[in-house]
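Working notes, structure below.
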Protein chains: 2
Amino acid sequence: MTESVSTEHVAAFRRFNRCFTRRIGVLNDHYLGQDRPLGEARLLFEIATAGGPDGISLRELRTRLGLDAGYLSRMTKRLQGRGMVVLSAHPEDNRLRMARLTPAGHAEVKEQNRRADALATGVLEGLAPDLRAQLTDAMTTAARLLRLAAITVKPVDAHAPDARTCLDAYADDLDARFPEGFDRSDLVAPEKVSGEAGAFFVAYEEDRPVGCGALRRLTPGAGEIKHVWVHPDARRLGLARRILQTLEAEALRRSWTVVRLDTHATLSEAQTMYRACGYTEIPAYGEHVYASHWFEKRLAP
Amino acid sequence: MTESVSTEHVAAFRRFNRCFTRRIGVLNDHYLGQDRPLGEARLLFEIATAGGPDGISLRELRTRLGLDAGYLSRMTKRLQGRGMVVLSAHPEDNRLRMARLTPAGHAEVKEQNRRADALATGVLEGLAPDLRAQLTDAMTTAARLLRLAAITVKPVDAHAPDARTCLDAYADDLDARFPEGFDRSDLVAPEKVSGEAGAFFVAYEEDRPVGCGALRRLTPGAGEIKHVWVHPDARRLGLARRILQTLEAEALRRSWTVVRLDTHATLSEAQTMYRACGYTEIPAYGEHVYASHWFEKRLAP
DNA sequence: CCGGTCCTTTGACTAGAGTCAAAGAATGAC
DNA sequence: GTCATTCTTTGACTCTAGTCAAAGGACCGG
């Protein structure tokens with residue numbers, strides 16, 4: 001994982017960067033902000049995509065776009081002046097202001113989308129259909145991997161809010177998937193995955209928790225992997241695999257030589273992943289109501 | 001070729017655009033222009049990469065970067081003031097000013113490169129080695145196809161300077177590759193590829209000619225493809241194939257039902273390409289000193 | 001109800017990016 | 001030599017983007 005990056009990979013990456021920013025990046029900005037400043041265009045777009053039915057708070061806009069409070073305040077006021085946006089107080093917290101698009105604002109965003117589509121279409125039209133498919137495939141792969149690369153998996157105290165958030169979502173997920181439902185008392189106690197006894201990891205995508213995984217001591221020298229979960233928005237990136245690798249590395253750091261895990265019959269994709277990651281099926285190693293398959297992997301430094 | 005672009009392709013393209021500009025684009029700019037304005041950083045980079053031994057003229061910089069003359073003038077003067085650049089008169093045309101990097105300027109560009117490398121490394125480090133390779137592969141493919149998409153193949157008068165430039169380079173190429181050399185009197189006369197008799201196409205990448213191809217009438221209803229050439233900088237993009245397709249479309253437009261071509265024994269990659277494009281080998285159809293293989297393709301509307 | 005914290009607004013700036021027009025110096029065609 | 005053209009320089013602007021600090025209203029815990 002931390003093997004040094006080869007210069008060829010760096011060179012390929014930079015070649016692409018240059019090519020892309022020159023050909024697309026510049027155009028992009030010019031297209032989007034054709035008759036209004038780019039900052040406003042971006043702001044409108046963000047309100048449209050991130051805003052719920054009540055709109056979105058200025059506070060959230062600020063953190064999402066990384067803007068200065070004063071700057072944002074002025075920009076929204078300008079947009080309000082042009083009738084693109086309405087500002088209202090937050091129903092519960094009067095310090096917050098909510099921004100919502102007006103019909104005119106929605107029309108503007110639609111026009112923005114039309115332009116962005118036109119830009120993409122213009123580029124793709126220059127290619128024969130089979131090459132178009134090749135290009136979009138490559139872009140989809142690249143986007144997937146770029147997202148994955150930006151996600152960090154960090155050890156976190158199992159009591160921390162981010163850990164609880166993930167486990168709650170995990171429990172809801174299982175409850176929906178298991179025919180018999182899922183009882184959250186089955187979740188591992190925080191003490192069992194803290195300190196000497198184990199560890200808890202949370203995956204963050206830009207400070208937002210998007211996955212988790214726990215490791216606990218089963219017997220001296222053997223660990224158990226539990227509660228590997230990935231947020232629906234972050235699935236199909238290969239994140240589960242990455243969390244698994246992190247947990248294995250942690251076990252190895254503690255000189256545990258084997259990790260085991262169990263899984264429910266309905267989770268067939270998970271089983272496929274475990275096998276692909278070097279896990280082999282073993283007989284039951286414990287009693288666990290939701291378990292129907294058991295796996296193990298020997299760790300080598 | 002001009003089949004309409006599917007919405008899924010457009011969506012994939014835009015998803016990637018968003019992902020890339022958010023994650024890399026912004027960083028890129030911040031990294032590069034860390035202690036100097038972004039415009040100056042870009043300018044330095046351009047002088048370093050596009051400048052020859054004598055430097056590069058302001059005129060060329062202007063067109064390459066699409067800058068206003070006054071803006072550029074001031075920027076170069078500022079760089080000169082900081083000892084990054086020296087300005088001198090063009091040896092032959094005293095209106096032109098040449099910009100060349102000083103050692104300090106080169107050091108600055110080196111530092112820029114170091115930062116860009118660090119950025120790329122930082123992203124790639126977040127991925128396991130096999131995924132790194134996947135990402136750079138995808139990026140290489142995408143860059144190749146983006147370049148190809150930006151190239152336009154246009155009909156051009158065979159007397160035009162761009163046509164002659166390409167044919168000169170083509171002749172030099174062949175002269176270097178054929179053991180017996182190449183005599184440029186073998187080049188087709190402009191009249192033979194004009195009007196009713198035929199057509200000449202030049203491929204442009206941002207107004208720079210990077211390839212060509214000719215079509216001429218062989219017999220009523222049959223065309224001959226000649227002088228398909230691609231600039232060394234634009235090889236391995238699939239441009240030759242594209243030029244070939246353009247020539248075939250032109251033949252079809254003239255209701256010619258078959259196209260033929262011959263090729264020299266040394267040009268084995270060309271032969272592979274012709275076969276891959278649906279050409280089949282046929283007996284000799286004419287006398288041509290440099291020909292050793294003959295191909296034909298029947299055209300269907 | 002008091003003090004600290006959070007969110008927004010406002011005023012006062014700075015710097016970068018870019019535009020436009022006028023003017024000056026060279027060049028090239030006639 | 002003259003005139004139109006081509007490049008560059010200069011002056012005078014505009015607009016966006018962004019920063020910083022002060023101030024004021026709202027909330028929350030004690």
Side-chain angles (χ1 to χ4, degrees), chain A residues 21 25-47 54-82 84-100, chain B residues 21 25-47 54-82 84-100:
Chain A
T21 42
V26 185
L27 274 177
N28 228 349
D29 292 355
H30 266 253
Y31 263 59
L32 280 187
Q34 234 158 24
D35 17 84
R36 76 179 55 260
L38 191 57
E40 288 183 20
R42 276 203 280 253
L43 182 54
L44 271 180
F45 183 83
E46 200 66 28
I47 297 174
D54 293 345
I56 181 171
S57 67
L58 292 194
R59 180 181 178 289
E60 185 161 358
L61 282 173
R62 231 177 52 218
T63 56
R64 272 174 176 274
L65 296 170
L67 297 175
D68 174 78
Y71 184 29
L72 176 63
S73 172
R74 259 181 273 265
M75 240 191 318
T76 45
K77 215 164 61 173
R78 214 157 41 225
L79 285 176
Q80 190 182 30
R82 295 205 208 156
M84 302 277 131
V85 153
V86 281
L87 291 171
S88 54
H90 189 280
E92 284 150 32
D93 186 340
N94 247 320
R95 288 170 305 181
L96 291 167
R97 314 222 21 174
M98 305 295 286
R100 210 173 61 252
Chain B
T21 43
V26 186
L27 274 177
N28 230 350
D29 291 356
H30 268 253
Y31 263 59
L32 280 187
Q34 234 158 26
D35 20 84
R36 77 177 55 261
L38 190 58
E40 288 183 20
R42 275 202 282 253
L43 182 54
L44 270 180
F45 183 84
E46 199 66 29
I47 297 175
D54 294 345
I56 181 170
S57 67
L58 293 194
R59 182 182 178 286
E60 186 160 356
L61 282 173
R62 232 177 51 219
T63 55
R64 280 175 106 94
L65 295 170
L67 298 174
D68 173 79
Y71 186 28
L72 176 63
S73 173
R74 259 181 273 264
M75 239 187 324
T76 45
K77 216 165 58 174
R78 216 155 40 222
L79 285 176
Q80 191 181 29
R82 297 205 206 157
M84 302 277 132
V85 155
V86 281
L87 292 171
S88 54
H90 189 281
E92 282 150 33
D93 185 339
N94 247 319
R95 287 170 306 181
L96 290 168
R97 312 215 47 183
M98 305 295 285
R100 209 173 62 251

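So that the names make sense, note that chain A is the first sequence line, chain B the second, and so on, each numbered from 1.
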Measure from CG on A/Leu67 to P on D/dT16 and round the result to the nearest Å. 16 Å
Name the nucleic acid region contacted by B/Asp93, choosing base, sugar-phosphate or nothing; use a 4.0 angstrom heavy-atom cut-off, strictly under. sugar-phosphate
So, is A/Arg62 close to the C/dT8 phosphate, meaning a side-chain N or O under 4.0 Å from OP1 or OP2? yes
Choosing from C/dT8, C/dT19, D/dC20, which nucleotide comes nearest the side chain of B/Tyr71? C/dT19
Side-chain (B/Thr76) to main-chain (B/Leu72) donor-acceptor, under 3.5 angstrom: yes
Starting at CG of B/Leu38, measure out to CZ of B/Arg42 and round the result to the nearest 0.5 Å. 4.0 Å
Between C1' on D/dC15 and NE2 on A/His30, what's the gap in Å once rounded to a whole number? 13 Å
Could you work out which one of D/dT9, C/dG18, D/dA17 sits closest to the side chain of B/Leu58? D/dT9
Salt bridge (charged side-chain N to carboxylate O under 4.0 Å, His left out) against A/Arg64, all qualifying residues, sequence neighbours excluded: A/Glu46, A/Glu60
Considering every strand and a 4.0 Å limit on heavy-atom distances, what is the contact class for A/Gly39: base, sugar-phosphate, or nothing? sugar-phosphate
Would you check, one step at a time, whether the test side chain to side chain contact (heavy atoms under 4.5 Å, CB included) holds for B/Arg36 with B/Arg82? CA-CA 11 Å; B/Arg36 77 177 55 261; B/Arg82 297 205 206 157; 2.6 Å; yes
C/dT10 phosphate, OP1 or OP2: any side-chain N/O from A/Lys77 under 4.0 angstrom? yes
Rounding to an integer number of Å, can you tell me how far B/Arg36 CZ sits from C/dA15 P? 16 Å
Whole-Å distance separating the CG atom of A/Leu96 from the C1' atom of D/dA26: 10 Å
A/Leu43 side chain near A/Leu61 side chain, heavy-atom distance below 4.5 Å: yes
Name the nucleic acid region contacted by A/Asn94, choosing base, sugar-phosphate or nothing; use a 4.0 angstrom heavy-atom cut-off, strictly under. sugar-phosphate
For B/Met75 and B/Gly70, find the nucleotide of DNA chain C closest to each by heavy atoms; which residue's nucleotide sits nearer the 5' end? B/Met75
Integer-rounded Å distance: D/dA17 P and A/Asp68 CG: 14 Å
Could you tell me whether the side chain of B/Arg74 has a donor or acceptor atom within less than 3.5 Å of a complementary atom in the base of D/dG11? yes
A/Arg97 side-chain N/O to C/dT8 phosphate OP1/OP2 under 4.0 Å: no
d(CD, B/Glu92; P, D/dC7) in whole Å: 15 Å
In whole angstroms, the gap separating C1' of D/dA17 from CG of B/Asp29 amounts to 13 Å
Under 4.0 angstrom between B/Arg95 side-chain N/O and D/dT5 OP1 or OP2: no
Can you tell me the distance, in whole Å, between the CG atom of B/Leu38 and the C1' atom of D/dG18? 15 Å
